[in-house]
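To start, the structure under review is shown below, and the notes come after it.
In this chain, numbering begins with 1 at the start of the sequence shown.
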Amino acid sequence: MRRISVDIGGTFTDCFFVWDSTYVEAKALTTHHNLALGFNEALDIACDRAGLDRPTVLSGVDSVRYATTLGTNALIERKGPRVAALVTHGFEDTIPLSRGRGYGEGLDPSMQQNLAAGERPEPLVPRYLIRSVRERVDSAGRIVAPLDERDVREQVRELVDAGAEAIVVSLTNATENAEHELRIQEIIHEEYPSHELGAIPVLLGHQVSGRKGEYVRATSTIVDAYLHETMFHALGQLAHNLRGSGYDKPMLVVHNSGGMAQMNSTDALQTIHSGPIAGVSAAEHLAGKTGIGGVIATDMGGTSFDIGLVPQGGVKHYDFQPTIDRWLVSVPMVHLLTLGAGGGSIASYDRIHKGVKLGPESAGSDPGPACYDRGGLRPTVTDADLLLGYLDPDNYANGFIKLNPKRAKFAIEEELCDQLDLDVIDAAKEIKKGVDDQMAIGIAKELRVRGYLPEDFTMLAYGGNGPLHACGIADRAGIRRVLAPPFSSVFSACGAGNLSQMHFHERGARITLYNPTTRRLYDAYDEFNAIVESLEAKGREDLVRQGFDADDVRYRLELDMRYGNQLLTQAVTLDLSRLTGVGDVLRITKTFEEVYSHRFGSNCAAPEAGIRVGTIRVAAYVDGDTVEFDSLDAAGNRALPEPVGYRTIHLTNSDTPVEAPIYDASALQHDRVIPGPAIVTTENTTYLVEPGWRLEPTPQGAVWFLRD
């Protein structure tokens with residue numbers, strides 16, 4: 001196996017490089033003006049560590065996998081084309097009305113409790129660029145009013161004259177019958193051939209989302225269109241950079257569904273949060289291979305803190321209608337909770353609560369925290385960690401970044417000390433306690449609202465800052481076992497290296513598996529099987545187009561199910577793909593009951609209310625090689641290693657400074673134990689072992705944090 005996996009975050013570009021049996025990790029600062037530069041720097045570091053040069057590596061690897069936050073940043077910064085929309089006549093205000101409550105979506109919980117003060121987001125499609133066409137299809141897919149093609153041509157001309165740079169077509173009930181959407185696309189190309197209109201994208205709602213729901217399907221398509229140009233040019237630039245260095249294979253792009261595909265088979269919408277979700281997939285793979293049970297995956301980088309949940313048994317949680325920025329969309333996305341709490345999160349004075357507010361603003365990589373000495377003036381979590389003695393100013397990021405404590409001290413004093421009436425060390429402690437509390441609350445809430453207890457899970461702490469804050473977060477969340485996994489500083493990039501090429505296709509359905517009124521089980525087997533077969537055909541076509549043999553394609557059937565009229569919908573993965581009789585229907589209901597009961601308790605299942613299916617989803621994928629994870633068992637006698645020095649550190653639960661032993665990477669041997677307080681500094685991350693905890697490494701490089 002030879003491959004390159006890259007996760008480009010807001011602060012660092014992470015690279016995980018596999019060359020046969022050699023695994024190499026590397027990091028470089030993200031270059032936002034040209035992502036290829038940061039990619040090249042991280043890859044050059046990895047190649048140098050492997051004793052190879054970049055052209056040799058790029059001509060010899062089987063794939064380059066790429067995850068990015070570029071789409072997320074483009075939405076936040078509102079850097080996109082002028083998008084226009086065509087909808088069914090009479091539905092012109094569906095998008096602006098946003099179900100009457102859209103202005104609350106994407107706001108933080110405190111603002112959602114005060115919607116009267118909430119502000120509507122700036123629309124991606126202004127009202128004057130929304131046009132309607134005369135047509136109508138009913139909920140069963142029957143054409144009620146034929147498409148008026150003359151009207152379509154007039155509306156399209158008006159939109160182009162108004163400056164539309166992308167056109168979205170989202171018609172009512174197009175998921176049941178897409179004939180009119182497809183014909184409108186043909187008309188646009190007839191009116192404006194490519195040599196006249198150029199490369200203006202035309203996106204159809206039914207192709208972006210197969211589920212019912214007019215508003216969410218329209219917003220999904222609009223967000224996709226808004227990001228299309230940015231992603232096309234950025235990914236194209238990276239692909240061109242790879243070709244110039246000798247890589248002649250298609251570049252693979254990580255999807256937020258937990259798979260990946262070639263660039264020509266990727267929608268811009270599928271790249272949102274792709275990096276953190278690759279980390280969740282790596283956590284799932286690690287848990288399955290090592291048997292450590294349920295894990296809560298936490299990725300603390302420079303910009304954000306991402307939380308993903310992998311219960312025992314590997315049942316993923318999906319967001320059925322996730323909110324991206326301020327927009328509700330309808331795509332199958334692995335559930336992820338993102339908090340604005342990373343190493344670069346800016347600390348400011350909260351005048352209302354008279355305390356420290358952390359994030360969501362981040363210093364990013366340019367200019368970065370004040371201690372980077374690159375022009376940053378605002379205090380960050382990294383500045384606090386430096387002043388508390390946790391970071392080595394001469395050996396941060398393997399020595400590539402020299403930290404300046406004077407800059408960190410100045411920034412915290414200017415921003416916080418006078419307002420809080422604290423000295424600089426106590427102010428830094430408040431920053432450390434605040435960020436740990438914020439992340440612990442996020443973890444506990446994420447677990448408890450889904451029916452789980454924190455003490456039943458192992459916390460995976462990865463990302464550049466994960467092992468540094470792991471003990472503080474776990475203490476506050478009530479977690480007793482923390483694992484810094486192998487390759488923890490680039491774990492999301494490692495996850496990208498494990499993903500299969502996969503496509504999800506889904507279709508909204510109204511299927512009642514058990515009707516409590518008539519006491520009948522579902523028996524329209526041919527109808528169900530026809531839907532599954534059509535979704536499999538779409539996935540197979542995607543993968544065959546990318547060069548795979550049809551016989552190598554595998555399928556996984558998932559149903560979104562609920563009891564009666566409950567709002568809660570549960571994704572259920574099945575071990576069958578067709579219905580042949582009543583036994584298969586009972587098998588599905590039994591699987592649903594087991595999944596539901598495991599999550600909420602054995603007495604919570606309510607089949608007497610009826611059992612319904614809202615969405616049929618098929619994952620089509622091709623298995624590939626994965627990174628092997630060794631056993632995480634910590635057995636045998638352990639010895640205390642010799643420290644390389646001592647440093648004064650300040651702990652948040654102590655009023656006096658502590659002389660803590662300092663260790664380097666050589667101390668992370670599987671026969672060693674390091675009790676807290678202590679610090680271990682490695683090339684890519686820092687481990688802080690707080691009092692009451694001990695650190696126990698494993699053979700492959702994973703590290704356990706265990707309560708005494």
Side-chain angles (χ1 to χ4, degrees), residues 68 70-88 91-96 98 102 121-133 151-172 174 178 180-210 214-237 253 256 263-272 324-331:
T68 179
L70 181 63
T72 308
N73 296 337
L75 266 182
I76 294 172
E77 297 168 4
R78 291 295 185 267
K79 293 181 178 179
R82 189 175 300 173
V83 180
L86 283 172
V87 300
T88 300
F91 290 80
E92 298 88 348
D93 293 313
T94 297
I95 297 171
S98 63
E122 190 69 24
L124 300 181
V125 177
R127 182 63 183 82
Y128 75 90
L129 285 179
I130 299 175
R131 295 288 192 279
S132 65
V133 294
D151 180 47
V152 172
R153 296 178 192 276
E154 291 178 358
Q155 302 303 331
V156 170
R157 290 168 188 160
E158 290 183 10
L159 290 176
V160 173
D161 290 343
E165 297 171 307
I167 297 178
V168 164
V169 183
S170 186
L171 305 181
T172 303
H180 288 172
E181 283 194 357
L182 292 169
R183 179 55 188 151
I184 289 176
Q185 185 180 47
E186 292 175 353
I187 291 172
I188 293 174
H189 291 152
E190 289 172 4
E191 287 289 307
Y192 297 94
S194 58
H195 64 275
E196 291 185 12
L197 194 58
I200 182 171
V202 179
L203 282 76
L204 308 183
H206 79 277
Q207 293 178 344
V208 174
S209 174
E214 310 308 326
Y215 169 68
V216 289
R217 187 167 69 253
T219 54
S220 301
T221 315
I222 289 167
V223 172
D224 201 10
Y226 190 78
L227 299 178
H228 179 88
E229 182 179 0
T230 298
M231 297 304 299
F232 176 80
H233 289 297
L235 294 177
Q237 183 183 54
V253 182
N256 49 30
M263 193 168 68
N264 60 6
S265 297
T266 298
D267 290 332
L269 186 60
Q270 295 172 311
T271 68
I272 300 292
I324 295 177
D325 189 36
R326 297 292 303 278
W327 314 105
L328 194 70
V329 299
S330 178
V331 292

Rounded to the nearest 0.5 Å, how far apart are CG of D267 and CG of L203?
7.0 Å
How close do R326 and P121 get, counting heavy atoms only, and between which atoms?
NH2-CD, 3.6 Å
For R153, is there an ion pair with E158 - N to carboxylate O distance below 4.0 angstrom?
no
Would a 4.5 Å heavy-atom cut-off, applied to side chains only, mark W327 and V216 as touching?
no
Are the side chains of L227 and I272 in touch, meaning some heavy atoms are under 4.5 Å apart?
yes
Would you say that L171 contacts I184 through its side chain, given a criterion of any heavy-atom pair below 4.5 Å between the two side chains?
yes
Can you measure from CD (Q207) to CG (D224) and round to the nearest 0.5 angstrom?
10.5 Å
Contact check, side chains of V156 and L86, non-hydrogen atoms, under 4.5 Å
yes
Backbone N/O of S330 and side chain of S209: donor-acceptor pair under 3.5 Å
yes
Check: T88 side chain, T172 main-chain N or O, donor-acceptor pair, under 3.5 Å
yes
Is Q185 close to L204 at the side-chain level, that is, under 4.5 Å between some pair of heavy atoms?
yes
Can you name the closest pair of heavy atoms from D151 and S132 and give their distance?
OD2-O, 3.8 Å
Distance, nearest 0.5 Å, that separates CD1 of I130 from CD1 of I222
6.5 Å
Could you tell me whether the side chains of E214 and T94 share a donor-acceptor contact shorter than 3.5 Å?
no
Return the minimal non-hydrogen interatomic distance between A268 and M231, and the atom names on each side.
CB-CG, 3.7 Å
Given 3.5 Å as the limit, does a donor-acceptor pair link the side chain of S170 with the main chain of G205, or not?
no
Between OH of Y226 and CZ of R82, what distance do you get to the nearest 0.5 Å?
11.5 Å
Quick one: does any side-chain atom of Y215 pair with a main-chain N or O of S98 as donor and acceptor, under 3.5 Å?
no
Does a salt bridge link R157 with E154, judged by any charged N lying under 4.0 Å from a carboxylate O?
no
Spatial distance of atom CG (L159) from atom OH (Y128) [nearest 0.5 Å]:
10.5 Å
R127 side chain reached by I95 side chain, heavy atoms, under 4.5 Å
no
Just so I know, are the side chains of E181 and V202 near enough to count as touching, which here means a heavy-atom distance under 4.5 Å?
no
Does V83 reach the side chain of V168, with side-chain heavy atoms less than 4.5 Å apart?
yes
Look up atom CD1 in I167 and atom CZ in R131, then write down how far apart they are to the nearest 0.5 Å.
11.0 Å
